[in-house]
Amino acid sequence: GNSVTQMEGPVTLSEEAFLTINCTYTATGYPSLFWYVQYPGEGLQLLLKATKADDKGSNKGFEATYRKETTSFHLEKGSVQVSDSAVYFCALSDLRAIQGAQKLVFGQGTRLTINP
Amino acid sequence: DTGVSQDPRHKITKRGQNVTFRCDPISEHNRLYWYRQTLGQGPEFLTYFQNEAQLEKSRLLSDRFSAERPKGSFSTLEIQRTEQGDSAMYLCASSRTLDRVVMETQYFGPGTRLLVL
């Protein structure tokens, strides 16, 4: 079945460091890919998404490129801030043609802590 | 524009008791999803509604679990005879389909954290 594997955390960086969180997936067909972020005490928020191969999703300085050849969707940011401290989840959509259910399949999450 | 809301935010119960959670989606969102998130893991799909119809249930949803969305608006998730293994964060998400658009965005609520003693 479909699955997502994320880089294990926790990840601790200093402010202004470069960030990469690895994400690889296994899927049949052509899923869409997402990064969600969960700040302390809050719900999941969509950070960025990409719907087809070679698409680049970007938001708030974060970027990820849908790489079909390597089945990857790594999250990057050039200069992290303390406010980026959160748990990051990579996910894919399991699109079902019948009835259109688009359930998300998530990775286990990567906790990121940015120190000033 | 209010987001997805869930109630209660926290629930502590004793094993064997029944609990019910409520989810209010974003208005006019016709799709509603329930997920479960255990500590240190990503959310896992439980069930899905399109309007009032429950169209898919995960094998994670045992017979003790039931979900409804009676008028195609809010939804409830009930767990009967709770077990300690039910302790988790229960997340609700909603989305809106636009004709035959391929991709939708799911908006998540803050979750209900359940602890079964």
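Just so we're on the same page: letters track the sequence lines, and every chain starts at 1.
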message: Could you check whether atom OH of A:Tyr25 has more than 12 heavy atoms from other residues, nucleotides or ligands sitting under 6.0 Å from it?
response: yes
query: Near B:Glu28 CD, under 6.0 Å, is it more than 12 heavy atoms from other residues, nucleotides or ligands?
result: no
- prompt: Considering only heavy atoms, which portion of B:Gln37 lies under 4.5 Å from any heavy atom of chain A: side chain, backbone, both, or neither?
  reply: side chain
task: Report, as yes or no, whether the 6.0 Å neighbourhood of atom CD on A:Glu8 holds more than 12 heavy atoms from other residues, nucleotides or ligands.
output: no
query: Looking at A:Val87, A:Leu44, A:Val105, which makes the most heavy-atom pairs under 4.5 Å with chain B?
result: A:Leu44
message: Are there over 12 heavy-atom neighbours, none belonging to B:Glu52, within less than 6.0 Å of that residue's CD?
response: yes
- line: Applying a strict 4.5 Å limit to non-hydrogen atoms, the region of A:Leu46 in contact with chain B is side chain
query: Side chain, backbone, both or neither: which part of A:Gln6 has a non-hydrogen atom closer than 4.5 Å to chain B?
result: neither
field: Neighbour count >12 (heavy atoms, 6.0 Å) for atom CD, A:Gln81
entry: yes
query: Between B:Leu60 and A:Phe89, is there a shared hydrophobic cluster once you connect ILVMFWY residues whose side-chain heavy atoms come closer than 4.5 Å?
result: no
task: Return the option, out of A:Gly41, A:Gly9, A:Gly43, with the maximum number of heavy-atom pairs under 4.5 Å with chain B.
output: A:Gly43
message: For B:Phe108, is there any backbone N or O sitting under 3.5 Å from a side-chain donor or acceptor partner on A:Tyr36?
response: no
query: If contact means a heavy atom pair closer than 4.5 Å, which residues of residues 6-17 of chain B contact chain A?
result: B:Arg9
message: Would a single hydrophobic cluster contain both B:Leu115 and B:Met89, if residues Ile, Leu, Val, Met, Phe, Trp and Tyr are joined by side-chain heavy-atom contacts under 4.5 Å?
response: no
Separation between NZ of A:Lys103 and CD of B:Glu44, rounded to the nearest 0.5 Å: 10.5 Å
Distance, nearest 0.5 Å, that separates OH of B:Tyr33 from CG of A:Leu104: 7.5 Å
task: Group every Ile, Leu, Val, Met, Phe, Trp and Tyr by side-chain heavy-atom contacts under 4.5 Å, then state whether A:Tyr88 and A:Tyr66 land in the same group.
output: yes
query: When clusters are formed by joining ILVMFWY residues with side-chain heavy atoms under 4.5 Å apart, either directly or through shared neighbours, do A:Phe73 and A:Leu92 land in the same one?
result: yes
- prompt: Hey, any chance B:Ile26 and B:Leu77 share a hydrophobic cluster, counting ILVMFWY side chains that come within less than 4.5 Å of each other, even indirectly?
  reply: no
query: Considering only heavy atoms, which portion of B:Tyr35 lies under 4.5 Å from any heavy atom of chain A: side chain, backbone, both, or neither?
result: side chain
query: How about B:Leu39: does its CG atom have over 12 heavy atoms from other parts shown lying under 6.0 Å from it?
result: no
query: For chain B, which residues from residues 107-115 of chain A have at least one heavy atom closer than 4.5 Å to it?
result: A:Gly107, A:Gln108
